[in-house]
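What follows is a set of notes on a single structure, which appears directly below.
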Amino acid sequence: MTHDCCSNVKPQTDTSHPPAGGTDERGNKTVYSCPMHPEVRSERPELCPECGMALLPVKGEKLSARRSLSAGGKVKSSHEEHAGHFDKHKGHNVNIFKRKFWMSLVLTIPIVLYSEVAQKMGIALPPFTGVEWLAPILGSIVFFYGGWVFLIGAFRELRAQLPGMMTLIALAISAAYAYSVFVVARGGIETLFWELASLVTIMLLGHWIEMRAVSGAQGALRELSKLLPDTAERFKIYDLRFKSAERETEIVSLEELRVGDKVLVKPGAKVPADGVIAEGQSELNESLLTGESKPVAKKEDDEVIAGAINGDGSLVIEIRKIGEATFLSGIKRLVAEAQASKSRLQMLADRAALLLTAIAVVAGALTLGTWLFLGAGIVFAMSRLVSVLVVACPHALGLAIPLVASISTTKGAQNGILVKQRLALEAARHIDVVLFDKTGTLTKGEYGVTDVLPVEGTPDEVISRAASVEYYSEHPIAHAIVREAKQRKLRPVAASKFERIPGKGAKAFMDGMVVKIGSYELLKDDGIAVPVSVKERAATLAKEGKTIIFVLFGKVFSGALALADVIRPESKDAIRVLKDMGVKVAMITGDSEEVGEWVARELILDEYFARVLPHEKADKVKLLQANRQKVAMVGDGVNDAPALTQADLGIAIGAGTNVAIESAGIILVKSDLRDIAKIIRLSRLTYRKMIQNLWWAAGYNIVAIPLAAGALASLGIFLEPAVAAILMSVSTVIVAFNAVLLKRQAI
C-alpha cells in the first residue's frame with residue numbers, strides 16, 4: 001500500500017529547475033528539503049545549513065494540518081512523509097549524478113584521445129573531416145549537461161550569499177569553457193576542452209560516490225520509518241464471547257486507527273501503534289526501538305510500542321496512542337532534531353569552509369595575474385586558475401563534521417541512546433562527575449525485600465507465610481513481598497479471613513493457624529518478644545532507612561523482613577565502568593542521611609547529598625561546578641528538570657512517555673545506567689573522527705593550493721585541472737570513508 005505522502009511527491013527530472021514556492025491547485029504548500037540531509041526542510045528554496053547544497057522541492061500535505069515548523073524553518077514530518085521522502089530523494093539524486101557521470105565519461109574519452117596530451121603520450125588516432133570541432137562540440141555538451149548541476153548550485157549559493165563548493169566548481173569550469181570558446185572563435189587551437197571535460201566528469205564521479213556514502217550514513221530516520229506496517233487488522237466489533245480468530249476484522253490504514261480500537265497482531269507481524277495487550281501473550285522484538293537484543297515477554301495489560309515485531313503468539317491490542325503521540329514518533333522527532341542541530345566543531349567547519357572559499361578565489365586571481373605578468377601565456381595561466389579553484393573546493397570540509405555527526409546520532413539510536421542535542425554529545429567527553437538522582441534512577445523507585453531474618457523455619461518459609469497473608473493486600477509493601485515470593489518461585493498457601501490491622505499490619509488464617517505480619521506494635525499486642533539476634537540486626541537495618549516487617553506464625557516468632565527501595569541490578573556495573581574511565585560518581589536524594597549513606601556504601605559512590613528537596617537539586621549541581629568540574633546529571637526528567645538543565649550534560653532516564661523530556665540533551669531509552677559509559681565513549685569517538693576529518697579536509701590544502709598555483713613549476717611539478725579534480729574528489733571520499741568507519745567501532 002502506498003502512503004498518502006508518496007502520491008503527493010512530484011516526480012523530479014532534474015535538480016536545476018525547482019518549482020516556485022507557494023501552493024498548488026489543492027492548496028498544498030511546497031516544502032523544500034536537502035537531498036543529503038532529508039531531515040532539513042524549509043518553505044523556501046534556500047541552502048541546506050548542514051552541507052550548503054540547494055534544497056529541492058517536495059510537494060506535501062498542508063503544513064497547518066500535518067506538520068509544524070520548528071526553529072530554523074525545518075519541518076517535522078510523520079512516518080509516511082519520511083518514508084516517501086527518503087525513498088524518492090535517495091534514489092533520485094544518487095542516480096542523477098550516476099547518469100550524468102557515465103554520459104560525461106563517454107563524451108570525455110574521445111576528447112582526451114584526440115587532445116594534445118594524448119599525442120604527447122604517443123597516442124595517435126586517425127584524423128577525420130571536422131576533427132577540429134570534436135572537442136568544442138562534445139566539450140560544450142559535457143559543460144551544459146554534466147556541469148549544469150554545478151552552475152545552478154552556484155547560482156543558488158550566490159543568491160543566498162553563501163558561496164561555497166558549487167561556486168568554486170562553477171567558476172573553474174566556466175572559466176575553462178569561456179576561455180576555450182574564445183580561443184576557438186579566434187581560430188586558435190590551444191583550448192582547455194579536455195581539461196574541462198575531465199574536470200566535470202571527475203567532479204560528477206566524486207559527488208556520486210560521496211552521495212552514496214552520505215545516503216548510507218543518513219540511516220536513523222530512514223530505518224525508523226521502515227518500522228511501522230502500512231496497515232492494521234482492526235476488529236469491527238470486539239465481543240469477548242467469541243475467540244479472537246472468530247471475530248470479524250477489517251484491514252485499515254494507520255491513519256484510520258483511533259484510540260480505543262482493538263487490533264489483531266498475528267505472529268511475525270508488527271505492532272501498528274502504542275497500546276496495551278487486551279488478550280494473549282507473546283514475546284516481542286523491540287531491538288530496533290530500544291536496543292534490547294533479547295525478545296521481551298509480554299502478557300495481558302502489558303504495554304507495547306509501535307514497530308515492535310510480534311513473536312509466536314497472537315495478540316489483541318487496545319490502541320492507546322496514535323500518530324505523533326507514539327513512542328516511535330517521539331524517537332524520530334528527537335533524532336531529526338539532533339541531526340538538524342549543530343556542534344561547535346561544525347560551526348567552526350562552516351566558518352572555515354567560507355574562509356577557504358574566499359582564499360581560493362583570491363589565490364586563483366593572484367595565480368592568474370602572476371603567471372600572465374611573468375609571460376607564461378594565457379593557456380598556462382588559465383590552467384593554473386582552474387586548478388586552484390578546483391583543488392581548494394571546501395566540499396570535504398563541509399562534509400567532514402555533518403557526516404560524522406549523522407553517523408554518531410544513528411549509532412546512538414541503535415544502542416538505545418537518543419541524542420537530542422549534538423552539543424550535549426560533544427560535552428559528554430569532558431564530564432568529570434556523573435550525579436545520579438537516587439529514586440527511580442539508581443533504584444527502581446519501588447519497595448523490594450532486601451534482607452530475610454528467619455527464626456522459625458527457612459527464609460523461603462518466612463517469605464511464603466508473609467506472601468500468603470499479603471496476597472490480598474494493595475499496600476506497596478504487600479506487593480513487594482508477593483513479588484519476592486514469585487521471584488523465588490514460591491506458591492502462596494491458601495489463606496482465609498484476611499483482615500487489615502490499621503496502623504500495625506494484617507492477618508489471615510492458614511492451615512488452621514493465624515498468621516500475622518506487621519510492625520513492632522503488632523508484637524506488643526500479642527506480648528511476643530523479638531529474639532536478641534534479630535533485634536540487633538533489625539536495628540542496624542532500620543538505621544539504613546529500611547522498613548522492618550515481623551512475621552508471626554500462631555504465637556511463634558517466625559522471622560523478620562527488611563524492605564527498601566531496591567537498587568537497580570545494573571547500577572553497580574554502571575558505576576564501576578564509569579570509575580574505570582576516570583569519572584567520579586555522586587548521588588543526590590531527598591531521603592534521610594541514613595538511606596543516602598546506605599546506598600552510597602552499597603554502590604561505592606565518591607560523594608552523596610541527602611535530604612535534598614527537588615528545587616535544591618540544581619544548587620548541588622552548581623556546587624560541583626564551582627569546583628571546576630563538568631557535571632552530567634542523570635534523572636527521571638520530571639522533578640529533576642532544573643538540575644538536568646543546570647548540568648553541563650543532562651541525561652534523562654525513561655522510555656515511553658518520558659522519551660520527549662525537554663530538559664535533557666540525551667535520553668536513555670532502555671533506562672539502563674550502563675549506557676552512560678557508552679555516551680562518553682561515543683562522544684570521544686565522535687570527537688576524534690571529527691578532528692581527523694577537519695585536519696584532512698583543511699590540511700591538505702596547505703600543500704595542494706601552492707602546487708595547483710604552480711609554486712614548483714620550475715621543477716616541472718604542477719597540478720593539471722583534471723588531477724586537481726581527482727585530488728579534491730579523493731579528499732572528499734576519504735573524509736566520507738573515515739566517517740563511515742565510525743559505524744564499525746564498538747561503544
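The structure displayed is predicted, hence computed values, not measured ones.
Between Ile651 and the choices Ile676, Asp675, Leu644, the side-chain contact (heavy atoms from CB on, under 4.5 Å) rule is met once, by Ile676. For the pairing with Gln625, the side-chain hydrogen bond (donor to acceptor under 3.5 Å, both in side chains) check across Lys630, Gln646, Lys620 returns one residue only, Gln646. Under the side-chain contact (heavy atoms from CB on, under 4.5 Å) rule, Val634 has a single partner from Val434, Leu442, Leu435, which is Val434.
In this structure, Leu561 CG and Leu563 CG are separated by 6.0 Å, a value rounded to the nearest 0.5 Å. The line from CD of Glu616 to NZ of Lys622 is 12.0 Å long, rounded to the nearest 0.5 Å. To the nearest 0.5 Å, the span separating CG on Leu673 from CD on Glu570 amounts to 5.5 Å. With values rounded to the nearest 0.5 angstrom, Asn693 atom CG is found 10.0 Å from Ile734 atom CD1. In this structure, Asp451 CG and Leu541 CG are separated by 4.5 Å, a value rounded to the nearest 0.5 Å.
Using a 4.5 Å heavy-atom threshold, the side chains of Arg429 and Arg681 count as separate. Counting heavy atoms from C-beta on, the side chains of Thr589 and Tyr608 never come closer than 4.5 Å. Contact check for Val276 versus Arg320: side-chain heavy atoms found under the 4.5 Å cut-off. Side-chain contact between Leu668 and Ile679 is present, with heavy atoms from C-beta onward closer than 4.5 Å. At a threshold of 4.5 Å between non-hydrogen side-chain atoms, the residues Lys298 and Glu283 do not count as touching. Using a 4.5 Å heavy-atom threshold, the side chains of Val304 and Asn310 count as separate. Counting heavy atoms from C-beta on, the side chains of Arg684 and Ile747 never come closer than 4.5 Å. Between Leu685 and Ser408, every side-chain heavy-atom pair lies at or beyond the 4.5 Å cut-off.
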Hey, mind stepping through Ile463 and Val452 against side chain to side chain contact (heavy atoms under 4.5 Å, CB included) and telling me if it holds? CA-CA 8 Å; Ile463 291 173; Val452 182; 3.6 Å; yes

Apply side chain to side chain contact (heavy atoms under 4.5 Å, CB included) to Lys543 and Trp598, showing your working. CA-CA 9 Å; Lys543 288 181 180 179; Trp598 168 66; over 6 Å; no

Show your working on side chain to side chain contact (heavy atoms under 4.5 Å, CB included) between Leu623 and Phe609 and close with a plain yes or no. CA-CA 11 Å; Leu623 180 64; Phe609 304 97; 4.0 Å; yes

Could you walk me through whether Lys617 and Asp437 pass salt bridge (charged side-chain N to carboxylate O under 4.0 Å, His left out), step by step? CA-CA 9 Å; Lys617 291 184 178 181; Asp437 174 56; 2.9 Å; yes

Begin from the C-alpha positions of Arg568 and Asp672 and carry the test salt bridge (charged side-chain N to carboxylate O under 4.0 Å, His left out) through to its verdict. CA-CA 9 Å; Arg568 291 179 182 269; Asp672 191 337; over 6 Å; no

Take Asn738 and Lys689 through the side-chain hydrogen bond (donor to acceptor under 3.5 Å, both in side chains) test and state the conclusion after the steps. CA-CA 7 Å; Asn738 186 48; Lys689 283 294 179 187; 2.9 Å; yes

Assess the residue pair Arg601 and Glu544 against the criterion (salt bridge (charged side-chain N to carboxylate O under 4.0 Å, His left out)); give the C-alpha distance rounded to whole Å, side-chain angles, the decisive distance to 0.1 Å, and a yes or no. CA-CA 10 Å; Arg601 185 173 62 252; Glu544 295 176 352; 2.9 Å; yes

Kindly indicate, with the supporting measurements, whether the criterion salt bridge (charged side-chain N to carboxylate O under 4.0 Å, His left out) is fulfilled by Lys444 and Asp565. CA-CA 7 Å; Lys444 292 183 177 180; Asp565 188 0; over 6 Å; no

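A donor-acceptor contact shorter than 3.5 Å links the side chain of Thr450 to the backbone of Ala562.
With respect to the salt-bridge test (charged N to carboxylate O, under 4.0 angstrom), the residues Lys584 and Asp432 do not qualify.
Closest approach of Ile604 and Ile575 over heavy atoms only: O-CG2, 4.4 Å. Here the closest non-hydrogen pair linking Ala306 and Ala273 is CB-CA, 3.5 Å. Residues Val577 and Ala677 approach most closely at CG1-CB, 3.6 Å, considering heavy atoms. Here the closest non-hydrogen pair linking Gly268 and Ile309 is O-CG2, 3.9 Å. The shortest non-hydrogen separation linking Ala480 to Val449 is O-CG2, 4.2 Å. Pairing each heavy atom of Gly596 with each of Met587, the nearest pair is O-CE, 3.5 Å.
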